[in-house]
*Asks:* 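Submitted below is the structure of interest, expressed as structure tokens.
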Amino acid sequence: MKNKLASLWEILLVSTKLGLTSFGGPIAHLGYFRDEYVIKRKWMDEDSYAQLVALCQFIPGPASSQVGIGIGMVRAGWLGGIISFIGFTFPSVLALILFALTLQSFNQFDLGWIQGLKIVAVAVVAQAVMGMAKNLAPDFPRKTITLLAVVTAVLWQTTMTQILIIIIAGIIGFFVYKNVTEHKETSLHVPVSKKFALLSLVMFFAILVLLPIINQIFTADWITVFDRFYRSGALVFGGGHVVLPLLEMEFVPSGFLSEEAFLAGYGAAQAVPGPLFTFAAYLGTIINGWQGGLLATFAIFLPAFLLIAGTLPFWQQISKNKNMKAALYGVNAAVVGILIAALYDPIWTSTIHTAADFSLAAILFFMLNYWKLPPWIVVVTGAAAGALMHML
């Protein structure tokens, strides 16, 4: 009991630190997670982390948040998943609720330091890509799979592209590596029962089907809000950047909030650390105070928890299969390619506009990768440098 409490406390401390320092959006978060959980703390190995990332790319919802929940589950069961989610999510939820409550006192954002944080994301993702490529694409076939994944993901940017890439890479990996006998044993052991997993999946689909019916019967505003946020979290592939415009369609035309209020929150969501799905906390607060913010946060993240809790416990059994392991060789290489594609677009294309931007990104990359400075120092440096460049 004492060891479990110690593990939960450790998960809370580490995930909260990441929630306070993980700027840059979902792909950057995967870099922060890898550095903290795989490299520094060794809670799981590189292959297991890549498999978890692939699983979370495959199912709908906020991929980086689901990876964080999954790591918590691997460490300390379903309660560890909840604690990990709270730690990573609470800082940005609190920041966005406070921003919404005091919206009238804000006139504009300092675009300089926001730009600096976006440049930090470039350095973080570049470091993650280099590290993962070295371990997960070491030979010619996997390097080729990575290249094909990069080209496909960049040229065809649709919601289904990543899923198709992962499926095709798995098929290629199966045929190329099916006779390979040396396989490393995965350390992705999940202390969650399969009964709990099946219950989670049943709850996911039951809520998704029943909420619209309940909403039609009772027509209460809070049920309508819960239904719309839950559906947004349950049916979106591609993470936070995809869900933001979907939320606009759900709430602005229906009159829950104005276009101006939505855009103000959109900027705030880009500026705070943690998952972009916490934008729901801002919207819910504008609609119905801080209680609405908490309700919206719960509703949009509930599907993510139910899905990862429902699928992760079966992953150990699946990954032990020899044929599945061969397929995972290809899947892991494809994950590297998807990350490289994301590094280019949207991260690079929306961030690096001038020689000064590139120079700052290079300095931050060296601080992370070669000087081995703590991520929070890199974040502060990037924000301060961005603000300075904006003033010059």
*Asks:* Are Ile171 and Phe140 connected, step by step, through hydrophobic side chains (Ile, Leu, Val, Met, Phe, Trp, Tyr) whose heavy atoms are closer than 4.5 Å?
*Replies:*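 Shared cluster, no.
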*Asks:* Considering only heavy atoms from C-beta outward, does the side chain of Ile69 approach that of Ser84 to under 4.5 Å?
*Replies:* no
*Asks:* Does any non-hydrogen side-chain atom of Ile145 lie less than 4.5 Å from one of Val336?
*Replies:* no
*Asks:* Report yes or no: does Lys143 contribute a side-chain atom to a donor-acceptor pair with the main-chain N or O of Pro138 at less than 3.5 Å?
*Replies:* yes
*Asks:* Is the shortest heavy-atom distance from the side chain of Phe229 to the side chain of Phe298 under 4.5 Å?
*Replies:*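 No - every pair of side-chain heavy atoms lies 4.5 Å or more apart.
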*Asks:* Centres of the Phe301 and Tyr230 rings: under 6.0 Å?
*Replies:* no
*Asks:* Surrounding CH2 of Trp9 (heavy atoms of other residues, nucleotides or ligands, distance under 6.0 Å), is the total greater than 12?
*Replies:*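 No, because the 6.0 Å sphere around CH2 of Trp9 holds 12 heavy atoms or fewer from other groups.
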*Asks:* Hey, could you give me the CG/CG distance between Leu199 and Leu306, rounded to the nearest 0.5 Å?
*Replies:*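 Nearest 0.5 Å value for the CG-CG distance: 8.5 Å.
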*Asks:* Surrounding CZ of Phe365 (heavy atoms of other residues, nucleotides or ligands, distance under 6.0 Å), is the total greater than 12?
*Replies:* yes
*Asks:* Going from OH on Tyr282 to OG1 on Thr285, what distance comes out if it is rounded to the nearest 0.5 angstrom?
*Replies:* 9.5 Å
*Asks:* Are Val67 and Val129 joined in one hydrophobic group, where the rule is that I, L, V, M, F, W and Y side chains link up if heavy atoms are under 4.5 Å apart?
*Replies:*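 Looking at the clustering, Val129 is in the same group as Val67.
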*Asks:* Shortest non-hydrogen contact from Ala153 to Ala341?
*Replies:* CB-CB, 3.5 Å
*Asks:* Backbone N or O of Ser22 within a donor-acceptor pair of the His29 side chain at under 3.5 Å?
*Replies:*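 Checked: pair present.
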*Asks:* Kindly indicate whether the side chain of Leu55, heavy atoms from C-beta on, has any atom under 4.5 Å from the side chain of Ile308.
*Replies:* yes
*Asks:* Is the closest side-chain heavy-atom distance between Ile168 and Leu148 below 4.5 Å?
*Replies:*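 Ile168 vs Leu148: side chains apart.
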*Asks:* Check step by step if side chain to side chain contact (heavy atoms under 4.5 Å, CB included) holds for Gln216 and Ile213.
*Replies:* CA-CA 5 Å; Gln216 289 294 322; Ile213 299 173; 5.8 Å; no
*Asks:* Compute the ring centroids of Phe358 and His353, then answer whether they are less than 6.0 Å apart.
*Replies:* no
*Asks:* Kindly compute the distance separating CD1 (Ile97) from CH2 (Trp290), expressed to the nearest 0.5 Å.
*Replies:*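 Separation between the atoms: 8.5 Å.
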*Asks:* Kindly say whether Ala333 contributes a backbone atom to a donor-acceptor pair with the side chain of Thr146 at under 3.5 angstrom?
*Replies:* yes
*Asks:* Run the numbers on His390 and Gln115 for side chain to side chain contact (heavy atoms under 4.5 Å, CB included), then give the verdict.
*Replies:* CA-CA 9 Å; His390 183 66; Gln115 173 67 5; over 6 Å; no
*Asks:* Spell out, yes or no, whether Trp156 and Trp348 are grouped together once hydrophobic residues are joined by side-chain heavy atoms under 4.5 Å, including indirect joins.
*Replies:*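 Looking at the clustering, Trp348 is in a separate group from Trp156.
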*Asks:* Taking everything shown except Phe196 itself, do over 12 heavy atoms lie less than 6.0 Å from its CZ?
*Replies:* yes
*Asks:* Would you call Phe256 and Thr224 a side-chain contact if the rule is heavy atoms closer than 4.5 Å?
*Replies:*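 Side chain of Phe256 against side chain of Thr224, heavy atoms only: contact under 4.5 Å found.
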*Asks:* Atom CG of Leu208 and atom CG of Asp227: how far apart are they, to the nearest 0.5 Å?
*Replies:* 8.5 Å
*Asks:* Would the distance check show the side chain of Thr152 and the main-chain N or O of Ala149 forming a donor-acceptor pair, the cut-off being under 3.5 Å?
*Replies:*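 Not confirmed, Thr152 side chain does not pair with Ala149 backbone.
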*Asks:* Centres of the Phe85 and Phe305 rings: under 6.0 Å?
*Replies:* no
*Asks:* Would a distance-only check, ignoring hydrogens and angles, find a side-chain to backbone donor-acceptor pair under 3.5 Å from Ser92 to Thr89?
*Replies:* yes
*Asks:* What is the minimum heavy-atom distance between Ser7 and Ala76, and which atoms define it?
*Replies:* CB-CB, 4.5 Å
*Asks:* Heavy-atom distance under 4.5 Å between the side chains of Asp47 and Leu136, does that happen here?
*Replies:* yes
*Asks:* Assess whether side chain to side chain contact (heavy atoms under 4.5 Å, CB included) is satisfied between Met367 and Ile363, documenting all intermediate values.
*Replies:* CA-CA 6 Å; Met367 291 172 68; Ile363 292 170; 4.0 Å; yes
*Asks:* Could you tell me whether a side-chain N or O of Thr278 sits under 3.5 Å from a main-chain N or O of Gly274, the two making a donor and an acceptor?
*Replies:*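 No, the answer is negative, given that no donor and acceptor are paired below the 3.5 Å cut-off.
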*Asks:* Whether Arg34 engages the ring of Tyr49 as a cation-pi pair (distance to the six-membered ring centre under 6.0 angstrom, angle to the ring normal within 45°) should be assessed.
*Replies:*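 So Arg34 doesn't make the cation-pi contact.
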*Asks:* Do Ile286 and Val252 sit in the same hydrophobic cluster, where Ile, Leu, Val, Met, Phe, Trp and Tyr count as joined when their side-chain heavy atoms come under 4.5 Å apart?
*Replies:* yes
*Asks:* Determine the minimum heavy-atom distance between Gly284 and Ala296, stating which atoms define it.
*Replies:*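 Nearest pair, atom of Gly284 first, then Ala296: CA-CB, 3.9 Å.
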*Asks:* Just how far is it from atom CG of Leu5 to atom CD of Glu10, taken to the nearest 0.5 Å?
*Replies:* 13.0 Å
*Asks:* Same cluster for Ile377 and Val122 if Ile/Leu/Val/Met/Phe/Trp/Tyr side chains link at under 4.5 Å?
*Replies:*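 Per the 4.5 Å side-chain linkage, Ile377 and Val122 are co-clustered.
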*Asks:* Nearest heavy-atom pair of Ile39 and Lys42: which atoms, and what distance?
*Replies:*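 Shortest heavy-atom contact: O-NZ, 3.4 Å.
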*Asks:* Should Leu52 and Val74 be marked as a side chain to side chain contact (heavy atoms under 4.5 Å, CB included) after you check the CA-CA gap, both sets of side-chain angles, and the distance that decides it?
*Replies:* CA-CA 10 Å; Leu52 178 59; Val74 170; 5.5 Å; no
*Asks:* For Ile207 and Pro212, which heavy atoms make the closest approach, and how far apart are they?
*Replies:* O-CD, 4.4 Å
*Asks:* Ring of Tyr177, cation from Arg142 - is the NZ or CZ under 6.0 Å from the centre and inside 45° of the axis?
*Replies:*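 Yes, Arg142 sits over the ring of Tyr177.
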*Asks:* Could you state the interatomic distance from CD1 (Ile11) to OG1 (Thr16), rounded to the nearest 0.5 Å?
*Replies:*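 Ile11 CD1 to Thr16 OG1: 11.0 Å, rounded to 0.5 Å.
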*Asks:* Taking all non-hydrogen atoms of both residues into account, name the closest pair between Pro313 and Lys194 and its distance.
*Replies:*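 So the minimum-distance heavy-atom pair works out to O-CE, 4.3 Å.
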*Asks:* Quick one: are Asp45 and Val38 in side-chain contact, heavy atoms under 4.5 Å?
*Replies:* no
*Asks:* Considering residues, nucleotides and ligands other than Met203, do more than 12 of their heavy atoms fall under 6.0 Å from its CE?
*Replies:* no
